[in-house]
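Notes to accompany the following structure.
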Amino acid sequence: MSKLIGKVAIVTGASRGIGRGIALAFAKEGATVVICARNTEEVVATGNEIKSLGGRTLALPCDVSQRQQVDAVVAATVKEFGTVDILVNTAQAARIGVAFEETSDDDMALALGSGFYGTYYFMQACFPYLKRHGGKIINFGSRSGLEGQANNLAYSATKEAIRALTRVAAHEWGKYRINVNAICPFANSPGAQSAAKALPDVFRALVAQVPMGRIGDCEKDIGPVAVFLVSSDSDYITGMTIMADGGLYVLK
């Protein structure tokens with residue numbers, strides 16, 4: 001496969017889950033993949049997986065809520081590989097299962113810092129390079145935000161803020177041939193696994209609602225959607241939210 005040969009991609013939150021799955025999918029399509037996450041050991045392990053596939057990679061620690069660390073990752077990418085063509089923002093931390101009235105400032109800061117601000121910082125840092133030659137950005141929303149899911153205020157609000165950010169950038173940056181889209185996934189990520197362990201009956205009921213009858217695989221199901229959105233196949237698609245969830249939530 002060779003849809004992304006010659007492209008340099010940054011994938012945040014790539015130590016595990018959806019970020020890892022997308023990084024591996026990109027590498028298999030020929031992209032050079034710069035990966036970052038807070039957990040140095042785990043992100044290096046993902047980097048080693050990419051190298052075992054024969055891919056070029058750079059694995060870096062990064063707290064995406066800190067603009068200086070974000071800028072350092074982008075600078076290191078440009079120094080090593082010359083530019084940035086693709087940005088995928090999957091990094092997100094959140095305390096879930098908290099009632100609205102019990103949500104604290106710390107809960108909001110954690111979700112917004114890792115999700116919204118991390119996405120915002122990386123988009124701004126990559127923009128000067130994407131502006132030169134065009135490029136692709138994928139951000140991540142959630143069914144939780146679309147539905148206004150109970151007991152998930154910080155996470156849901158963050159995910160909807162990210163979708164708003166995506167739409168604004170799509171309007172402003174289209175003239176530079178920068179495509180900006182969002183994915184709302186349902187995949188077997190560490191977060192999903194934790195939910196399944198904490199609330200097994202609720203989680204089984206949720207999976208039972210999926211028309212496709214299963215939860216998605218981070219690499220095999222979400223990875224190809226991301227590959228499509230950053231390849232030339234999607235050059236005329238921007239500002240969209242793509243549901244990669246087996247039909248669990250159908251946009252109206």
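When a residue number appears, it is its place in the shown sequence, counting from 1. Since the model is a prediction, treat every value here as computed from it, not as a measurement.
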More than 12 non-hydrogen atoms from neighbouring residues, nucleotides or ligands closer than 6.0 Å to CZ on R67, yes or no? yes
Any chance CZ of F127 has more than 12 other-residue heavy atoms, nucleotides or ligands included, within less than 6.0 Å? yes
Considering only Ile, Leu, Val, Met, Phe, Trp and Tyr, and joining two whenever side-chain heavy atoms are under 4.5 Å apart, list the other residues clustered with M243. L146, Y249, L251
Do [X] and [Y] come close enough that some side-chain heavy atom pair is under 4.5 Å?
X    : Y    : result
N188 : D217 : no
E29  : K7   : no
I35  : E49  : no
C184 : R143 : no
I162 : Q92  : yes
F186 : D221 : no

Check whether [X] and [Y] end up in the same hydrophobic cluster, where Ile, Leu, Val, Met, Phe, Trp and Tyr are linked by side-chain heavy atoms less than 4.5 Å apart.
X    : Y    : result
V180 : V64  : yes
I18  : M212 : no
I22  : M123 : no
V73  : F116 : yes
V225 : V88  : yes

Return the orientation label for the Y117 and Y121 ring planes: parallel under 30°, perpendicular over 60°, tilted otherwise. tilted
Between [X] (side chain only) and [Y] (backbone N and O only), is there a donor and an acceptor less than 3.5 Å apart?
X    : Y    : result
D85  : A9   : no
T103 : L153 : no
T12  : A91  : yes
D245 : P185 : no
D107 : S104 : yes
N152 : I96  : no
T46  : S15  : yes

Could you measure the distance from the [atom1] atom of [X] to the [atom2] atom of [Y]? Nearest 0.5 Å is fine.
X    : Y    : atom1 : atom2 : value
L112 : T158 : CG    : OG1   : 3.5 Å
T90  : I183 : OG1   : CD1   : 10.0 Å
L87  : T77  : CG    : OG1   : 10.0 Å
K3   : F26  : NZ    : CZ    : 11.5 Å
R167 : T241 : CZ    : OG1   : 6.5 Å
E80  : R56  : CD    : CZ    : 8.0 Å

Looking at every heavy atom in both [X] and [Y], which two are closest together, and how far apart are they?
X    : Y    : value
V84  : C126 : CG1-SG, 4.0 Å
S114 : A93  : OG-N, 2.8 Å
D63  : Q69  : N-OE1, 2.8 Å
L58  : A76  : CD2-O, 4.1 Å
S144 : S156 : OG-OG, 2.6 Å
Y155 : A111 : N-CB, 4.2 Å

CA sep, side-chain torsions, deciding dist, call: I215, F203, side chain to side chain contact (heavy atoms under 4.5 Å, CB included): CA-CA 10 Å; I215 189 170; F203 194 78; 3.6 Å; yes
Begin from the C-alpha positions of I50 and L24 and carry the test side chain to side chain contact (heavy atoms under 4.5 Å, CB included) through to its verdict. CA-CA 6 Å; I50 292 172; L24 293 173; 3.9 Å; yes
Acceptor/donor pairs from residues 130-140 side chains to any protein atom, 3.5 angstrom cut, sequence neighbours excluded:
residue : atom : partner : partner atom : Å
H133    : NE2  : T83     : OG1          : 2.9
H133    : NE2  : Y129    : O            : 3.2
K136    : NZ   : S231    : O            : 2.5
K136    : NZ   : S234    : OG           : 3.1
K136    : NZ   : D235    : OD1          : 3.0
N139    : OD1  : N89     : ND2          : 2.9
N139    : ND2  : T166    : OG1          : 2.9

Candidate pair T238 and W173, rule side chain to side chain contact (heavy atoms under 4.5 Å, CB included), full reasoning: CA-CA 10 Å; T238 195; W173 294 354; over 6 Å; no
